[in-house]
Amino acid sequence: MLLVNTIRENFELVLEGLQKRNLANAEATLHEVLELDKKRKETQTERDSLQAESNAISKQIGLLMREGKKEEAEHIKTRTGEIKEQIKVLEESYNTYEADLRQLLYTLPNVPHHSVPKGKSADDNEIVLTHGEIPELPASKKPHWELIKDYDIIDFDLGVKITGAGFPVYKGRGARLQRALINFFLDEALKAGYMEVQPPILVNEDSGYGTGQLPDKEGQMYEATMDKLYLIPTAEVPITNIYRDVILDERAFPIKNVGYTPCFRREAGSWGAHVRGLNRLHQFDKVEIVQIVHPDNSYEALEEMSAYVQSLLQKLELPYRVLRLCGGDMGFTSALTYDMEVFSAAQERWLEVSSVSNFENYQANRLKLRYKGEDKKTQLAHTLNGSALALPRIVASILENNQTEDGIRMPQVLVPYLGFEWI
RNA sequence: AGAGAGGUGUCCGAGUGGUUGAAGGAGCACGCCUGGAAAGCGUGUAUACCCCUAAAGGGUAUCGAGGGUUCGAAUCCCUUCCUCUCUGCCA
């Protein structure tokens, strides 16, 4: 959530930023925010002074009662009646202003970093770099959805039987590959200084609001309606919410957490020609990294996270590219996002396997995640997160890129985790 | 799931309607004391919003959350969440 103060003090910058996201009516909305905030303040000032008067009278009554001057006390009481009426009216309009303001702020996405390119869709994303050789595959090359059948390692039909489409069953070496990747990712993160956490994979409403899945995106999440809980779409939700309503000591920075969780996404209406096999699932595994840092260091942290994710891809010997997302393609809450895409050589497509974002204080504002520095002032922290990594597309590209006439070669770095070199 | 107890500031802990943002203690910070430290003494030690601001200062709200009674609520009533103990069930 954007800060009203930021909007007031940097109106032009905020406006420019929102326009980069192609937000309709940005200027009018920002003016409305300031107007509502002004009314809110005026109402509060009025309400508070009446409340102060009322409190003073009550105090006086207390004193009179103690002195036994009952009649005088009764007399003063009559004055409080009308004050209370007025307070009630003001209170109501204050609440309305505040609710409207909040409602409006929820509709405003984060202001993009100045380096974010303009653009409307994924086509306008900027390719920052491309790394690695695209493998030459035998003429008999197959996409992963055929390979998994040939080698009987991932079974979509079984998943349909048990649950439904998009819930595959991993079997044998397929299951072991999953487990190896999870362990590899977690171990690497530990080496990079992250603390491992195992959060719940069901979250409550407050957590949904904290990281911005709610309101408006409940359609993306599976909901346990009886208990009003949501299955997480990403570990970002529970891990970042660990720090909801927290005031950190500045010395605790940087906070680096890593967690493995399954992720659940309804993906309503997003199925099409390009989502065969492992390209899009309702349930998938992901290792997520989260950092909470001092505002001065968040872009440094973003670069560090980007480099870290790239190091994983390099170790897995996968060709990849890094994109800087344009204003039109960036997530609602992000200020700057790098997407990492691996080349899956049989599909001949780039697949997004990680998205690393700096949210600056946008999430922190909703989360009330603050820190206290040497000057004893409490200020909003900056939050970042990234996938490191999402498994299914990594699996897809490993299978496709490493296929040979004799089987599928596993990346060397995974062999100690797998206990085998070939599928 | 049933019965009971309870949720107060960083922590422990008092407080059953009237200058209570909240006694007392611990911790922490700063200062004094000391050769240095401990002890001791002193001062300070929440958050949000608003007013006024150069600074200082002032106001409102917050004692799990929400609502109610009252001139006035940490204290009374209702709803709800959570924790603990016992019983039941169970990986």
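Every chain is numbered from 1 and lettered A, B, ... according to where its sequence line falls, protein lines coming before strand lines. Predicted model only: the values in this text are computed from it and were never measured.
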Generate the contact string for nucleotides 54-65 of chain B. Rules: B means base contact, S means sugar-phosphate contact only, - means no protein heavy atom under 4.0 Å.
-----BSS----
Does the gap between the ring centers of A:His382 and A:Tyr299 come in under 6.0 Å?
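Between A:Tyr299 and A:His382, which both carry aromatic rings, the centre distance is not below 6.0 Å.
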Between A:Lys372 and A:Asp249, does any NZ, NE, NH1 or NH2 come within less than 4.0 Å of an OD or OE carboxylate oxygen?
no
Taking the side chain of A:Thr378 as its heavy atoms from C-beta onward, which of B:C50, B:C49, B:A48 lies nearest to it?
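Taking heavy atoms from C-beta onward, the closest nucleotide is B:A48.
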Measure from the side chain of A:Ser58, starting at C-beta and using heavy atoms only, and say which of B:C50, B:G18, B:U19 lies closest.
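Taking heavy atoms from C-beta onward, the closest nucleotide is B:G18.
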Tell me what [X] touches on the nucleic acid: a base, only sugar-phosphate, or nothing, going by heavy atoms under 4.0 Å.
{"X": "A:Ile247", "result": "sugar-phosphate"}
{"X": "A:Ile57", "result": "nothing"}
{"X": "A:Lys228", "result": "nothing"}
{"X": "A:Lys77", "result": "base"}
{"X": "A:Ser54", "result": "nothing"}

Any A:Lys84 side-chain nitrogen or oxygen under 4.0 Å from OP1 or OP2 of B:G72
yes
Ignoring backbone atoms, establish whether A:Thr80 has a side-chain N or O less than 4.0 Å from OP1 or OP2 of B:U70.
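No, because none of the side-chain N or O atoms of A:Thr80 sits under 4.0 Å from OP1 or OP2 of B:U70.
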CG on A:Asn257 to CD1 on A:Ile289, rounded to 0.5 Å:
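Rounded to the nearest 0.5 Å, the CD1-CG separation comes to 11.0 Å.
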Nearest 0.5 Å please: distance from the NZ atom of A:Lys256 over to the CG atom of A:Leu190.
11.0 Å
Which residue lies toward the 5' end of RNA chain B, A:Leu63 or A:Arg370, if each is placed at its nearest nucleotide?
A:Leu63
Where does the angle between the aromatic ring planes of A:Phe11 and A:His31 fall among parallel (under 30°), tilted (30 to 60°) and perpendicular (over 60°)?
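Ring orientation, 0 to 90° scale: tilted.
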What is the ring orientation for A:Phe264 with A:Tyr222, classed by angle as parallel under 30°, tilted 30 to 60°, or perpendicular over 60°?
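Geometry flag for A:Tyr222 against A:Phe264: perpendicular rings.
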A:Ser387 and A:Val353: which non-hydrogen atoms are nearest, and at how many Å?
CB-O, 3.9 Å
Name all pairs fulfilling the side-chain hydrogen bond (donor to acceptor under 3.5 Å, both in side chains) condition that reach into residues 414-423 of chain A, sequence neighbours left out, sorted by first residue then second.
A:Asp187-A:Tyr417
If a pair means Watson-Crick or G-U wobble with both distances below 3.5 Å, what does RNA chain B look like in dot-bracket form, with | marking bases paired to a different strand?
((((((((.[[[..)..(.....]]]((((((.......))))))((((((.....)))))).[[[[[..)....]]]]])))))))....
Will you find, in the side chains of A:Tyr230 and A:Glu205, an N or O donor that is under 3.5 Å from an N or O acceptor?
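No donor-acceptor contact under 3.5 Å links the two side chains.
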